[in-house]
Amino acid sequence: MKKMEVGILGATGMVGQRFLSLLEHHPWFEATWLAASDRSAGKKYGEACNWRLRSPMPVAARDLEVHECKPGGAPQLIFSSLDSKVAGEIEKEFARAGHVVVSNSSNHRMDADVPLLIPEVNPDHLALVGAQRKQRGWSGMIVTNPNCTTVGLVMSLAPLERAFGLSKVMMTSMQAVSGAGYPGVPTLDILGNVIPYISGEEEKVERETQKLLGQLVDGRVQPGDFAVSAHCNRVMVEDGHTESISVALRQKVSLGELIEAWRRFRSLPQERHLPSAPQHPIVVRDEADRPQPRLDAETEHGMATVIGRVRPCPVLEFKYTALSHNTIRGAAGAALLNAELMRSEGYLD
Ligand code: NAP
């Protein structure tokens, strides 16, 4: 199969680097067009980018020119990892010009006609793009993936919502510094410290969780009918967001049934063998002290949600720990899986 050319908006940032790294050996897509701010435009990628990943910069990317974030000359499929201060307007400009924009940024996630997708959880929400194109008069479209903290939470909740129904959810996060981009949080703020505030994060997690687990009825998403409360903290971890979660369910179930629901969970990306789909989207660990970000964030190439410490909760019903890689499953890998789902559904033909 001939590879499809793709572009990356925000290619020089933390998530942009992940895109390039994940696309290096991708069987369907090839990154051929890169764009970033005026600071980088006109330079070769190798000069413009302060590469921060452990794996080396892909050789093919080094000599690519970094473009301005303008649609002329860009391929049809565009991944966006732009700073949210500028992503909103730029993504709309690309969609208006006929591009399929698969975005990480928060700007359009909650727009009623924009799919907010996790392919294992709500692939049917992709149908929202029909109304989006009609209402906005676009030949292109915008599709989004959730915030890096939402994704691990919702992956863990989806099998429970399906099997037993959710009533209440409490989540406290311990979020890695790479989640704040580069250079991110100043060393003097985070070294030996915990910052109990990430601007806008708790509201995003609460709203996005209900949209993702909502039902598509008559072309609109009806948000999930359960309460969610999020506490978000930044901690001194490089990659991987850890979450302490308590849930109350609508049915009485045993601890064993809960774990079984996670272990059995498979969905469309697994059935279709999409290239970035983890074989096991949820991995449940039995050890008393797992998951841990340093040991477990890269499970299934960073695409799985790892769950552990499952036990009764005296306030709600059950509590557990979930871990998800923030720049892979929480960002670039999530967008890539969205694009793979779209291709398998015929949206990129
Ligand atoms: P980052 O490291 O700060 O990168 C930001 C990117 O945006 C860079 O390529 C930068 O280009 C570009 N940019 C900044 N200002 C611009 C402008 N005025 N015009 C055009 N391009 C501009 O941030 P990040 O962590 O990669 O995050 C990117 C997006 O993904 C954000 O919206 C973030 O909220 C979202 N996200 C991040 C994570 C994560 O774990 N990091 C997870 C999920 C979602 P220059 O290098 O030229 O300045």
Side-chain angles (χ1 to χ4, degrees), residues 7-22 31 33-53 61 64-71 74 78-94 101-110 116-118 142 144-154 173-186 198-201 203-205 208 232 234-235 237-242 293 297 302 323-338:
I8 305 171
L9 295 168
T12 48
M14 285 307 300
V15 178
Q17 295 177 28
R18 275 286 174 209
F19 270 125
L20 277 163
S21 166
L22 295 175
W33 188 91
L34 309 177
S37 78
D38 296 348
R39 293 178 288 279
S40 308
K43 296 182 185 161
K44 299 264 188 237
Y45 186 73
E47 290 163 47
C49 176
N50 186 359
W51 187 260
R52 297 282 91 199
L53 300 186
L64 289 179
E65 186 188 332
V66 180
H67 296 270
E68 286 183 62
C69 293
K70 302 243 163 67
I78 294 288
F79 291 108
S80 169
S81 52
L82 283 172
D83 190 314
S84 59
K85 289 191 198 83
V86 295
E89 280 312 308
I90 295 175
E91 291 176 357
K92 282 202 275 188
E93 202 184 328
F94 274 77
V101 181
V102 180
S103 171
N104 269 285
S105 303
S106 56
N107 308 61
H108 298 294
R109 286 182 197 145
M110 294 307 296
L116 173 63
L117 282 183
I118 298 179
I142 299 176
T144 60
N145 58 260
N147 169 282
C148 44
T149 309
T150 309
V151 73
L153 175 65
V154 171
S173 70
M174 290 148 275
Q175 300 183 210
V177 286
S178 61
Y182 189 81
V185 192
I198 303 172
S199 176
E201 194 83 346
E203 295 79 358
K204 281 184 209 163
V205 172
E208 290 176 18
C232 294
R234 185 77 65 199
V235 297
V237 163
E238 188 183 352
D239 288 317
H241 290 353
T242 308
L323 169 75
S324 172
H325 197 298
N326 53 294
T327 61
I328 303 179
R329 188 68 210 219
L336 215 49
L337 193 57
N338 280 351

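Both counts, for ligands and for their atoms, begin at 1 and track the order of listing. Keep in mind the model is a prediction, meaning the values are calculated, not measured.
Of all heavy-atom pairs spanning Thr144 and His108, the tightest one is CG2-C, 4.3 Å. The two residues Phe19 and Ala332 make their nearest non-hydrogen contact at CE2-O, 3.5 Å. Nearest approach of Tyr45 to Ala61, heavy atoms of both residues: CB-O, 3.2 Å. A pairwise comparison of heavy atoms in Arg234 and Val177 identifies CD-CA, 4.0 Å as the closest pair.
Close approach to Asn104 involves these atoms of ligand 1, each under 4.0 Å from a residue heavy atom: 30 (O), 35 (C), 44 (C). For ligand 1 and Ser105, the ligand atoms under 4.0 Å from any heavy atom of the residue are 32 (O). Near Ala331, the atoms of ligand 1 lying under 4.0 angstrom from a non-hydrogen atom of the residue are 42 (C), 43 (C). Close contacts between ligand 1 and Val86 involve ligand atoms 16 (C), 17 (C), 18 (N), 19 (N) [criterion: under 4.0 Å to a heavy atom].
Distance from atom 23 (O) of ligand 1 to its nearest protein heavy atom, with residue and atom name: Gly181 CA, 3.8 Å. Of all protein heavy atoms, the one closest to atom 10 (C) of ligand 1 is Thr12 OG1, 3.9 Å. Nearest protein neighbour of atom 41 (N) of ligand 1, counting heavy atoms only, is Ser178 O, 3.0 Å. Considering only non-hydrogen protein atoms, atom 28 (C) of ligand 1 sits nearest to Ser81 O, 3.1 Å. The protein heavy atom nearest to atom 38 (C) of ligand 1 is Val15 CG2, 3.7 Å. Closest to atom 40 (O) of ligand 1, if we only count protein heavy atoms, is Asn326 ND2, 3.1 Å. Of the protein's non-hydrogen atoms, Ser40 OG, 2.5 Å is the one closest to atom 47 (O) of ligand 1. Of all protein heavy atoms, the one lying nearest to atom 4 (O) of ligand 1 is Gly13 CA, 3.2 Å.
When the heavy atoms of Ser37, Gly10, Ala48 are ranked by distance to atom 21 (N) of ligand 1, first place goes to Ser37. Of the candidates Met14, Arg18, Arg329, Arg39, Arg39 brings a heavy atom nearest to atom 48 (O) of ligand 1. When Val151, Ile328, Asp83, Asp38 are checked for heavy-atom proximity to atom 5 (C) of ligand 1, Asp83 turns out nearest.
Remark: side-chain polar atoms of Asn104 are not paired, donor with acceptor, to backbone N or O of Ser81 under 3.5 angstrom.
When distances from atom 33 (C) of ligand 1 to the protein are checked, no heavy atom turns up under 4.0 Å. In this structure, atom 30 (O) of ligand 1 has a protein heavy-atom contact shorter than 4.0 Å.
Between Ser178 and the options Val15, Val185, Val237, Asp239, a side chain to side chain contact (heavy atoms under 4.5 Å, CB included) holds for only Asp239.
In this structure, His67 and Trp33 have parallel ring planes: the angle between them is below the 30° cut-off, well short of the 60° mark.
Below 3.5 Å of separation, one finds an N or O of Leu82 facing an N or O of ligand 1.
Gln175 and Asn326 share no donor-acceptor pair across their side chains, judged by distance under 3.5 Å alone.
Shown here is Lys43, whose NZ atom has more than 12 heavy atoms of other residues, nucleotides or ligands within 6.0 Å.
Side-chain contact between Leu53 and Thr327: absent, with no pair of heavy atoms (C-beta onward) separated by less than 4.5 Å. Using a 4.5 Å cut-off on side-chain heavy atoms (C-beta onward), Glu91 and Ile78 make no contact.
Taking a 4.0 Å cut-off on heavy atoms, Gly330 registers as neighbouring ligand 1. Between Asn147 and ligand 1 there is no heavy-atom distance shorter than 4.0 Å.
The structure places CD of Glu208 at 9.0 Å from CG of Asn145, a figure rounded to the nearest 0.5 Å.
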